[in-house]
Amino acid sequence: MRITTWNVNSIKQRLPHLLGFLEEAKPDVVCLQELKCQDEGFPRAEVEGAGYAVETLGQKAYNGVALLVRAPLTASEIRRGLPGDGEDVQARYIEAVVSGEGSPPIRVASIYLPNGNPVDSPKYPYKLAFLERLRLHARDLARLEVPVVLAGDYNVIPQAEDAADPEAWRHDALFLPASRAAFRALLAEGYTDAVRACDPRDGLYTFWDYQAGCWQRNQGIRIDHLLLSPQAADRLVSASVQKHLRGLDKPSDHVPVTVRLSDG
DNA sequence: ATGGCCGCCCCAGGCGGA
């Protein structure tokens, strides 16, 4: 079972790259973020044609998340939106139970956490509140004692080792102590950062800004994460970053990150 | 020289991203 998370920065712009990735990697589940379209604008027929069922939570112009599930696996118990704030209309969370092929069901979420900049605006408290809501929901899911994968663009650089130039991020919402503490609090609910658990090396990035030649100079950061509940972590085989996609024409500024879990 | 982009939307400059 392979599960990928990828912030595509516009599904319409990135559809060719997505279809190429599905064909070459054949992941079982794909968590997409930043669709930047409404549900009716999602290129559903093309993705279904590649062999995937599609569940979306879209929004005009901004945000938007989706889950793709490769047949014969199926998605059920779809949850759209993160609990805890009925006023929150931003499309940042979708969750489902993925089952089939004789292996135990896995609960998977596609998450697009708020960026939070500028930090002196209401956007930063919204980010911290969203992280706290996610912690409470993650705690509820952990109590089910089943495999859970919380995957997405967390917009948090967990540690200095996760940035090529940590000093440049010192006062940024992605790296402020309160942001990192909220991420650690999430892990403290019993979750494992799959990439970090598989590879202790520095210099493993998932995002390179379009500006300032960041890709060419490898000025990246690691902000796309897959957090595993204990029952999912017990099955963790490997984790990898599909860095090559950043080098294509018209790339997303994020690349896919994939975990492999053992079956059964 | 410390900036350099990209995608969205009532089509064009402002907003959001990170």
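Below, chain A is the first sequence line, B the second, and so on; all start at residue 1.
For A/Tyr191, the ring-ring contact (aromatic ring centres under 6.0 Å, His included) test picks out no residue, with sequence neighbours left out. Evaluation of the ring-ring contact (aromatic ring centres under 6.0 Å, His included) rule for A/Trp215 yields A/Trp208 as partners, not counting sequence neighbours. Every residue two or more places apart in sequence or in another chain that forms a ring-ring contact (aromatic ring centres under 6.0 Å, His included) with A/His137 is listed here: A/Tyr93.
Within 4.0 Å (heavy atoms only), A/Phe175 reaches no atom of the nucleic acid at all. Residue contacts for A/Arg92: at a heavy-atom cut-off of 4.0 Å it reaches the sugar-phosphate backbone alone, with no base atom in range. Nucleic acid contact class of A/Asp153 (heavy atoms, under 4.0 Å, all strands): sugar-phosphate only. Among the protein residues, A/Asn7 comes within range of the sugar-phosphate backbone only, with heavy atoms under 4.0 Å from sugar or phosphate atoms but none that close to a base. Using a 4.0 Å heavy-atom criterion, one finds that A/Lys127 contacts no nucleic acid atom at all. When heavy atoms are screened at a 4.0 angstrom cut-off, A/Asp172 is found touching no nucleic acid atom at all.
Identified under the salt bridge (Lys or Arg N to Asp or Glu O under 4.0 Å) test for residues 209-223 of chain A, with sequence neighbours left out: A/Asp162-A/Arg222, A/Asp193-A/Arg222.
Atom pair A/Asn63:CG and B/dG16:P shows a separation of 11 Å (rounding to whole Å applied). The separation between A/Gln90 atom CD and B/dG17 atom P is 8 Å, rounded to whole Å. Atoms CD (A/Gln33) and P (B/dG17) sit 14 Å apart, rounded to a whole Å.
The P atoms of B/dT2 and B/dG7 are separated by 26 Å, rounded to the nearest whole Å. Annotation: B/dG3 and B/dC9 have their C1' atoms spaced 27 Å apart (nearest Å). Look at the C1' atom in both B/dC10 and B/dC15: the space between them is 16 Å, to the nearest Å.
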Q) How does each nucleotide of nucleotides 4-13 of chain B score, in 5' to 3' order, for protein heavy atoms under 4.0 Å: base (B), sugar-phosphate only (S), or none (-)? A) BBSSSSS---
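In the hydrophobic clustering, A/Leu245 connects to A/Trp6, A/Val8, A/Ile11, A/Leu15, A/Leu18, A/Leu19, A/Phe21, A/Leu22, A/Val30, A/Leu32, A/Leu35, A/Phe42, A/Val47, A/Tyr52, A/Val54, A/Leu68, A/Leu248, either directly or through intervening members, whenever side-chain heavy atoms lie under 4.5 Å apart.
A/Thr5 places no side-chain N or O within donor-acceptor distance of the main-chain N or O of A/Ser110, the cut-off being under 3.5 Å.
Salt bridge absent: A/Arg196 and A/Glu161 never bring a charged side-chain N and a carboxylate O closer than 4.0 Å.
Against the 90° criterion about 0, the sugar-base torsion of B/dC11 places it in the syn range.
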